[in-house]
Amino acid sequence: MAHTSQNIKRYSLTTSLLAVVVGIVAKLSLTSADLLPGLDGAYYWVQVRSVLSNFTLAFSDLPLIFWIQAGIAKLVGNIPLAVRISDAVLPAISAIPIYLIAKKYRKPFLPAIAILIVLLHPVQLYFFTGDFIKNEATIPVVFFMALVLVNWDKKSKRFSILSLIGLTSLIVISHFGTLLLAFSLMGGWALLQLRKSGLKFWLRGIAISVVAFGALLATLAILVPTRYERLVNFLTTPSVIFQNPALDRILHSPSISVMTFAIYIGQVASLILGVITWYSRSKFTFSDLSLVISSLITTFIFSSPFIGMEWSDRLTGLSTVSLSIASIIIFGSVEILWQKSLVGLLAAVTLLSTLPLSTLEMKRVFSDQEYSDFKELATHVEISNNSVVVARHGVEYLSAWEFSTDVVLETYYESADLSSYDSVYYIQELHTFAPGNGGGGNGQKPAQSPNGKRPPEKGAKGDIPTDLPKKVEITGETIYSNSSFALVRVR
């Protein structure tokens with residue numbers, strides 16, 4: 001019997017390691033081009049270069065992921081390669097807590113399958129890759145939180161609470177959206193843990209949640225003031241979250257997208273798994289049931305098609321984490337065949353969807369030829385000191401990277417205060433390149449300062465203003481042009 005148990009453990013570990021390798025290779029295959037997929041790849045290059053050169057961030061943001069990327073860059077001696085490695089390897093750390101959670105249920109194939117589904121999920125591959133590295137890199141911390149909660153009744157409360165505090169602290173200095181996910185999961189779990197307690201305990205739990213949320217706000221106000229202002233604006237006018245809902249895109253799009261698929265799966269799976277959980281609620285431990293319910297509620301809310309597109313893609317992407325946590329626990333706990341079969345079917349649909357969805361074009365800043373022309377432009381011109389470059393979204397980060405200068409988004413050209421700059425340049429595109437839309441993407445960004453001399457006037461990386469100005473006409477003296485671009489000196 002002991003020999004058989006060892007064989008099962010060895011098989012489970014071996015297949016899990018193989019799943020990690022497959023996940024990392026799949027991610028690396030998507031970033032083999034000169035430019036990362038998405039519009040914000042160069043943002044990470046600029047941030048890492050600033051950390052290595054100035055020991056500070058170029059743009060106001062939460063710093064941990066950039067510090068890690070800078071450490072990798074120091075080892076490999078190449079910033080773009082370091083960012084590419086972080087894009088593939090950091091999300092794969094999720095395999096550790098997933099394996100430890102899944103092995104609890106003594107099903108030898110469960111850890112590897114769970115790891116594959118998380119690492120090869122269409123959202124992981126075609127939405128997060130290159131564009132949302134901070135999001136995906138912080139997700140493993142949420143899985144570690146789930147591991148702590150799964151073992152809540154086995155470990156000392158002191159150890160568990162300190163672990164949750166430490167993990168939360170990591171997210172606080174990493175990514176705001178993932179912090180919102182972690183707060184939702186832990187807050188829901190904590191309140192559900194009081195479901196058999198009296199009113200006094202409920203009031204105490206609610207009070208602790210309010211204090212914790214207040215601490216979250218205070219931390220954001222100190223670390224990233226723009227995010228704090230954005231969150232406060234949302235809390236004071238919550239109706240904005242439903243403006244321009246994702247449902248409109250679903251109804252009017254001629255074909256399914258990665259994020260539309262994720263919304264379908266999130267809504268359907270949370271309902272189906274909710275029914276299974278109700279019928280088999282006696283099979284769960286007290287803490288596991290709290291975590292499952294909290295995860296399903298979070299998934300259903302975060303993946304709602306009624307949320308505005310300004311928020312929807314990011315929240316839907318994060319909902320795949322809570323759905324994965326619930327699915328692992330449910331599959332490991334239930335014993336009835338039809339229930340296991342339904343969970344397995346949802347997992348199979350998610351994993352197999354990766355193949356057809358891979359044919360969708362991912363969002364890109366440039367075509368290969370345009371990027372070649374852009375680099376040619378950068379080699380033929382010299383931007384004077386104390387200058388700012390105006391460009392469209394995506395191009396502004398590449399401009400900051402190539403010219404090592406401050407940048408401003410063209411749609412904010414008229415509203416941005418550029419009086420302190422000696423010169424203003426504009427990157428004019430001579431023909432329009434339409435980026436693919438394989439899975440959402442970032443909206444426009446306002447004035448930014450990659451040299452860290454001035455804070456952004458509005459927003460920051462990952463923010464999408466709801467009141468974007470119309471594109472303005474920018475004119476001046478053309479000092480260089482090629483087949484794709486012209487560099488215009490405005491003043």
Side-chain angles (χ1 to χ4, degrees), residues 27 31 35-94 128-142 166-182 219-220 222-228 230 314 317-318 365 393-394 396-407 442 445-456 459-463:
K27 289 280 279 184
T31 59
L35 285 177
L36 291 170
L39 301 181
D40 290 343
Y43 174 82
Y44 296 93
W45 299 351
V46 176
Q47 291 282 54
V48 173
R49 182 175 64 188
S50 181
V51 170
L52 292 174
S53 302
N54 307 317
F55 302 103
T56 187
L57 294 178
F59 305 103
S60 175
D61 209 334
L62 299 174
L64 180 58
I65 303 305
F66 305 112
W67 293 343
I68 295 173
Q69 290 175 329
I72 298 173
K74 200 73 172 176
L75 289 174
V76 302
N78 185 293
I79 292 174
L81 176 59
V83 173
R84 184 184 175 211
I85 291 172
S86 70
D87 179 75
V89 174
L90 294 183
I93 297 175
S94 294
F128 285 146
T129 299
D131 219 3
F132 296 95
I133 300 176
K134 284 199 304 146
N135 305 53
E136 64 179 8
T138 316
I139 282 173
V141 185
V142 181
L167 292 169
T168 302
S169 299
L170 287 178
I171 300 181
V172 164
I173 58 174
S174 300
H175 186 249
F176 167 68
T178 312
L179 181 61
L180 181 62
L181 171 68
T219 302
L220 285 175
I222 296 171
L223 294 178
V224 190
T226 55
R227 302 296 175 91
Y228 169 77
R230 183 170 167 77
R314 291 166 180 77
L318 292 173
V365 178
H393 176 48
E396 86 275 41
Y397 293 134
L398 281 171
S399 299
W401 171 253
E402 295 290 349
F403 298 113
S404 297
T405 188
D406 287 2
V407 294
N442 282 357
K445 308 294 191 298
Q448 311 256 358
S449 174
N451 295 324
K453 295 183 296 183
R454 303 167 184 83
K461 168 70 172 68
D463 291 344

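Residue numbers start at 1 and run along the sequence shown. When reading the values below, keep in mind they use all heavy atoms of this one structure, side chains included, and skip hydrogens, waters and symmetry mates.
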Identify the heavy atoms of [X] and [Y] that sit nearest to each other, and give their distance.
{"X": "D131", "Y": "G41", "answer": "OD1-N, 4.5 Å"}
{"X": "A70", "Y": "L52", "answer": "O-CD2, 3.6 Å"}
{"X": "T129", "Y": "T31", "answer": "CG2-CG2, 3.6 Å"}
{"X": "V141", "Y": "L167", "answer": "CG1-O, 3.4 Å"}
{"X": "A58", "Y": "Q47", "answer": "N-OE1, 2.8 Å"}
{"X": "R49", "Y": "A400", "answer": "NH2-O, 2.8 Å"}

Kindly say whether G394 contributes a backbone atom to a donor-acceptor pair with the side chain of E396 at under 3.5 angstrom? yes

Using only atom types and a distance under 3.5 Å, with no angle test, would you say the side chain of S50 pairs donor to acceptor with the backbone of V46? no

[X] side chain near [Y] side chain, heavy-atom distance below 4.5 Å:
{"X": "T405", "Y": "S399", "value": "no"}
{"X": "I171", "Y": "L181", "value": "no"}
{"X": "V83", "Y": "V48", "value": "yes"}
{"X": "F128", "Y": "I133", "value": "no"}
{"X": "L398", "Y": "W45", "value": "yes"}
{"X": "H175", "Y": "I139", "value": "no"}

If I take atom [atom1] from residue [X] and atom [atom2] from residue [Y], how far apart are they, to the nearest 0.5 angstrom?
{"X": "L62", "Y": "F176", "atom1": "CG", "atom2": "CZ", "value": "9.5 Å"}
{"X": "L179", "Y": "I173", "atom1": "CG", "atom2": "CD1", "value": "11.5 Å"}
{"X": "E136", "Y": "S86", "atom1": "CD", "atom2": "OG", "value": "7.5 Å"}

With sequence neighbours excluded, tell me which residues meet side chain to side chain contact (heavy atoms under 4.5 Å, CB included) with S174. L64, I65, T138

Mind jotting down which residue pairs meet the salt bridge (Lys or Arg N to Asp or Glu O under 4.0 Å) criterion with at least one end in residues 75-92? Sequence neighbours excluded, please. K27-D87

Quickly, which of W401, F59, F132 forms a ring pair (Phe, Tyr, Trp, His ring centres under 6.0 Å) with Y43? Name it, please. F59

